[in-house]
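Remarks on the structure that follows.
Proteins get letters first, then strands, A, B, ... in listed order; numbering begins at 1 in each. The model shown is predicted, which means the values in this text are computed figures rather than measured ones.
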Amino acid sequence: MTANQKITLAKGLNMGLRKAMEDDDKVLLMGEDVGKLGGVFRITDGLQKDFGEDRVIDSPLAESGIVGTAVGMALRGYRPVVEIQFDGFVYPAYDQIVCQVAKYTYRSQGKVKMPIVIRIPFGGGIGAVEHHSESPEAQFAHTPGLKVVACSNPVDGYWMIQQAIAHDDPVIFLEPKRQYHADKAELDESATPEPLFTSRVVRAGTDATVLAYGPTVKTALKCAEAAASEGRNLEVIDLRTLSPLDMAPVYESVRRTGRCVVTHEAHVNLGMGAELAARVTEECFYSLEAPVLRVGAFDTPYPPSRIEEEYLPDLDRVLDAVDRTFAF
Amino acid sequence: MTANQKITLAKGLNMGLRKAMEDDDKVLLMGEDVGKLGGVFRITDGLQKDFGEDRVIDSPLAESGIVGTAVGMALRGYRPVVEIQFDGFVYPAYDQIVCQVAKYTYRSQGKVKMPIVIRIPFGGGIGAVEHHSESPEAQFAHTPGLKVVACSNPVDGYWMIQQAIAHDDPVIFLEPKRQYHADKAELDESATPEPLFTSRVVRAGTDATVLAYGPTVKTALKCAEAAASEGRNLEVIDLRTLSPLDMAPVYESVRRTGRCVVTHEAHVNLGMGAELAARVTEECFYSLEAPVLRVGAFDTPYPPSRIEEEYLPDLDRVLDAVDRTFAF
Amino acid sequence: MSEHGSFGPDLAEVFGPSHADGGPDLVQLLTPEGERVHHPEFDHDFSAEELRGLYRDMVLTRRIDVEATALQRHGELGIWAQLLGQEAAQIGAGRALRPQDYVFPTYREHGVAYCKGVDPLRLLGLFRGVDQGGWDPAENNFGLYTIVIGAQTLHATGYAMGMQRDGVVGTGDPERDSAVIAHFGDGASSQGDVNEAFIFAASYNAPVVFFCQNNQWAISEPIERQTRIPLHKRALGFGFPGIRVDGNDVLATYAVTKAALQRAREGNGPSFVEAYTYRMGAHTTTDDPTRYRLNDELEHWKLKDPIERLKVYLRRNGLVDQEFFDDLDVEAKELGHHLREGCKALPDPKPLDQFGYVFSEMTDEIAAQRDEFAAYLASFEGSTTGGGH
Amino acid sequence: MSEHGSFGPDLAEVFGPSHADGGPDLVQLLTPEGERVHHPEFDHDFSAEELRGLYRDMVLTRRIDVEATALQRHGELGIWAQLLGQEAAQIGAGRALRPQDYVFPTYREHGVAYCKGVDPLRLLGLFRGVDQGGWDPAENNFGLYTIVIGAQTLHATGYAMGMQRDGVVGTGDPERDSAVIAHFGDGASSQGDVNEAFIFAASYNAPVVFFCQNNQWAISEPIERQTRIPLHKRALGFGFPGIRVDGNDVLATYAVTKAALQRAREGNGPSFVEAYTYRMGAHTTTDDPTRYRLNDELEHWKLKDPIERLKVYLRRNGLVDQEFFDDLDVEAKELGHHLREGCKALPDPKPLDQFGYVFSEMTDEIAAQRDEFAAYLASFEGSTTGGGH
Ligand SMILES: Cc1ncc(C[n+]2csc(CCOP(=O)(O)OP(=O)(O)O)c2C)c(N)n1
Ligand SMILES: Cc1ncc(C[n+]2csc(CCOP(=O)(O)OP(=O)(O)O)c2C)c(N)n1
Ligand SMILES: [Mg+2]
Ligand SMILES: [Mg+2]
């Protein structure tokens, strides 16, 4: 038994990918610069060296080509894990994702499985230029036939990527890039992970429920701390799965607290918050003391990075929304 | 003064396109089969004959190419009107639409205009095979920088297409294909149309508000008739604009009725109904007697056409939802 | 030519224009007049048995098409994509395949499906609206019809890359060595996906044959809109060979496709076959080609009918007798009967079943929608109208 | 080669492999040793003035790059896309343009921007994060930098189609005739969009020059991943000419691009120029090329430095004196000063302004978000932390 390591999210994903490749030799990695370079974020670091060029495949620079060939690989019995270099570059592959990846199982009445994982570093806050800080989750979650998950921390990164790869349906796997090399957490490789498509209460509370995922989980937790110092006890739920949604813990929480705020980096308009608000309102109508409030990016394109911190939801804006739910 | 004609939606759009081309010689039509054939739905019938191949351009079979070259045309001062043959074939152009069409104005700090109209015949109910019955509106409305409208009737078709073409921002123009050749309406070409980005109460009522657009407006109106015979007076709003939303008439209505049902052919999950529910709940929290209920397609891919009528929202399902709002 | 430097001669002059009827590059083994000619590079010694087989295949394929077209006219199918005129291209390609080879079709590959052993009745489901492809791709190594044009060429390339990884390419064992064929049309060649497939296939030397039926039209758009030189030349720029074959000549199509597949199986990489043919019918049963093309053209191509020319050859060389034709007629009739009766008997999908196919296992979320819908449907039971209103 | 039919010789044997260093097709007018050579098709009589101008342009372009790289190191820019080694390709192309020609750049065309008269300071905004392209495309006919690789080649083609409609192509009036140049990289050539641009441009005979700087790398991926034959051959299959020019030779790049543009302006359609060059620096300042390429390669290319060879030529032929170099040095220093000082003075965007650029006019919806945000920001005013918590 090895001692538990303290790892970053990048490391957790790297270890998880390695484990998945060791466990099943049908698992392949594909993408731009995933081989020798180990990816621009180094998530696949060392894997081509150890598993060879046939299993860690540097592709021509064409995202539709990457996802389209992954579909063919899946039809041949492989389990391709595709890396999209940055969120903003997934769109050339959008057609293959929504018309092929998402639909093949349905089209074949379940005869064909599509065990493809599409990894997307997502979200902002890294001071990048245009197209490098997008949050495209709703554009996938709205599409039946895709599953969409977002990890928020190193330990989840390690487990969730393995679970997604082992899963027989296509999974859009969102990785909060700003967290890749941020915080470390202790990984116990002998633990039993929670199932993939479940949400988790990451901070129990009584006064209001804050829903978050990916990069905003950290924001929500900080917000809860700040609120605590003001005497307000917030419950924070890390959604982890965006499609399907795991609403049971959310409903349970909101029925107790009566107040709910959702926060994500995606645009508010038609973002995940819209769906969550609609469902929570429908299910917890009589428990709600205030409407579900949403804190996300404005409905403007991602701005030049010098003002991105004012564009993204932060502790203050989430707290402000919590305050507003108490004003109802 | 000519007598008013009775026209179909297809005819209204055709006449509107013709008018726009007469009014401004910078207006060009581009797409697959839009020339000699007049489009697979004949919406551009006769226009190439009258305006020539330079203004009605049959393109190679590549949607990204069509939209991408339209961007270039717009940069050169033209006003391209793009026809996407069917909703399900817009995705190869998705990257150009969300990363270029939607962002060029913002990227240039307003120096560059993108007066591009992307016409998409949308929705189901025509007994077609896969990819011919999609409702992709939310995938566009979630993207800042795009405007999204849907017409529901011949007269709106005539005016709205002209307004969209005259507008300086990119407009995703959704046409309910099942209505193309369905009902006729009388067109008064000398009338003054309502502005483009406005919603309209198409049936005044007092007991509940039904929100619809495109193909479901007709459903909603029939539903109101049926409800009336049962003594319930429904107000029906044709949203017409999906981005930006024109919420004022919606809020006004819901504050009066206290009940709201949204219906569209798109999937419920993260469809327009989610956003509408979230906004209505936030703004009309104390007026609501029941949560906003949504009636749309299930969160499954568009099915084989033999069961599409069971998949799409219909009079009964909308009425059922109305009933349920009264059960709260 | 500019005075500022030469870019060489106009390529359309070198290669001829895109539509040039045949041209020096066209591989042909059987002329429209039914004369057997030979080709220095691509040929094959066809036995009488083989020739009769190819004829039979084409006749039955046309029968499938005629029956399905009639079924559409009678309202039994919502739409049908006709292949009239393309029988030789499809049977030539289809018969060149080995069982281990995998096919990625468009929506029009009825003849190839037939060669692969897919019951033609299965093809009707999609057009009737009862399913979206009623066969199991793994059973006959025949993928589902793909409607988004060009998308399947990437799947084909990925599948071929999978074959490479499975060690079934270039082993020298003919029972083992495998290849993929990707079908697409002339119009589809303009899609980014098809060109990306060329790039991936070339880059990885994948065992895939890009088989394009250039039927001269993409709905109303002529081939000139997609390319200004003969389409098979497209492959050159990607670094692999392109061959134009007379797609109305089943012998030549067979020989060329067989060679291309063999090349792929042996590990020599992708190639492009342009089957130069003609869509004699409408694009689909909803199309009206008189709006965009001249009857003369159709008449011109009728003289090149793929079935007629083989019939002439078989007759002239005494390879068939009346019994052969009579038997084939019976067989075709039976096939017709099978399709007509089978089509009407195809079960409609059950609304509630559909919820089960979205994922490998039904999610709670979808189960809840199904249950709610089931309860809703049940609420009408006993009501006379079947609906509440 | 298969026994079943010949597909002709291996194209990589015919054309040479993708990376083949130059090869017979390479157009060169100035060798790495600074020797002036002549080319039968592409040449130009350069005046001493012109030669000095090109040298000056390259030196100043390199200076822009060096300054910006330093600014990034000092934290003044978030990232910078270096062009070190590609000066000749960019100045050769940039100087071949006329004012009425329009440029569609990638994110690396700093030299072309300079030629078009865009103040280099304007280029820094994007990399500093204060804007997303701080110049007006219409002012200098220089489009905004495009980050999604390949997307701009379609814009270029559409713009060129617009020129055709404006009647500014093939009129015979050199002041009027116009063309477009589309820049992209070797990696971008694999994108569907780029290939679709080739198809549209060929189909409409649009006046566009596809100018590809093959700098051998797409981040960590070598050119072999994108093509197995020399990249300029790609154009052949689309029916228009492709030329490979020594992209480290400013004279040849100028001559070839000028000819290609002239061809386009005269109405003879698109062409493809592959400027064979090398990215001597990292992909961007965040990249570490030592992870994927050998130092030998870099050393090899250093010998081909585009600036050095012209310097040798100018010196050897007595076309310059010390004063020229001294003056240029002063000019470069001033440019450096302009960039350093200017960069730090670039105003940060104002959060509330951003709401105004989404559409041609602000919508009520966005105005409401702006007002709400303004009120929210105002609520912190007077608070010591600038934030409530
Ligand atoms: C991406 C996409 N765009 C548009 C269509 C609509 N469409 C169906 S078939 C067709 C023409 C295809 O022509 P071609 O590739 O030559 O094949 P053919 O039908 O002639 O066999 C078009 C435009 C589609 N199916 N997919
Ligand atoms: C569609 C898309 N995918 C991925 C990227 C990320 N990316 C930026 S530059 C680059 C490499 C481009 O290489 P090349 O085209 O050769 O141009 P170079 O940078 O060498 O000038 C990549 C993969 C992108 N910008 N756009
Ligand atoms: Mg065709
Ligand atoms: Mg490069």
*Under 4.5 Å heavy-atom distance to chain A, tell me which part of D131(C) shows up: side chain, backbone, both or neither.*
side chain
_Atom group of D58(A) that falls short of 4.5 Å from chain C, counting heavy atoms_ = backbone
_Looking only at side-chain N and O atoms, does R76(A) offer a donor or acceptor that is under 3.5 Å from a partner on H155(C)?_
no
*For Q132(C), is it the side chain, the backbone, both or neither that has a heavy atom under 4.5 Å from a heavy atom of chain A?*
both
*Go through the atoms of Q164(C) and report whether side chain, backbone, both or neither lie under 4.5 Å from a heavy atom of chain A.*
neither
*asked:* At a 4.5 Å cut-off on heavy atoms, which part of K26(A) comes close to chain C: side chain, backbone, both, or neither?
replied: side chain
*Please look at T146(C) and chain A and tell me whether the side chain, the backbone, both or neither of the residue comes under 4.5 angstrom of a heavy atom of that chain.*
side chain
*Heavy-atom distance under 4.5 Å to chain C: side chain of Q109(A), backbone, both or neither?*
both
*Is a donor on one side and an acceptor on the other found under 3.5 Å between the side chain of Q100(A) and the backbone of I97(A)?*
no
*Return the option, out of R165(C), E196(C), Q354(C), Q152(C), with the maximum number of heavy-atom pairs under 4.5 Å with chain A.*
R165(C)
*D95(A), part contacting chain C, at a heavy-atom distance under 4.5 Å*: side chain
*Using non-hydrogen atoms and a 4.5 Å limit, figure out which bit of A62(A) sits close to chain C: side chain, backbone, both or neither.*
both
_Greatest number of heavy atom pairs closer than 4.5 Å to chain A - which of I199(C), D193(C), L154(C)_ = L154(C)
*asked:* Tell me whether R370(C) forms a cation-pi arrangement with F373(C), defined as NZ or CZ under 6.0 Å from the six-membered ring centre and within 45 degrees of its axis.
replied: no
_Engaged part of V194(C) at the chain A interface, taking heavy atoms whose separation is under 4.5 Å_ = neither
*Which atoms of A151(C) come close to chain A, meaning under 4.5 Å heavy atom to heavy atom: side chain ones, backbone ones, both, or neither?*
both
*Let me know if L245(A) has heavy atoms under 4.5 Å from chain C in its side chain, its backbone, both or neither.*
both
*Under a 4.5 Å heavy-atom cut-off, does chain A meet the side chain of D166(C), its backbone, both or neither?*
both
*Will you find, in the side chains of S360(C) and D169(A), an N or O donor that is under 3.5 Å from an N or O acceptor?*
yes
_Quick one about D177(C) and T171(C) (side-chain donor to acceptor, distance below 3.5 Å, no hydrogens or angles considered), yes or no?_
yes
*State whether F142(C) and K116(C) meet the cation-pi test: NZ (Lys) or CZ (Arg) under 6.0 Å from the six-membered ring centroid, and within 45° of the perpendicular axis.*
no
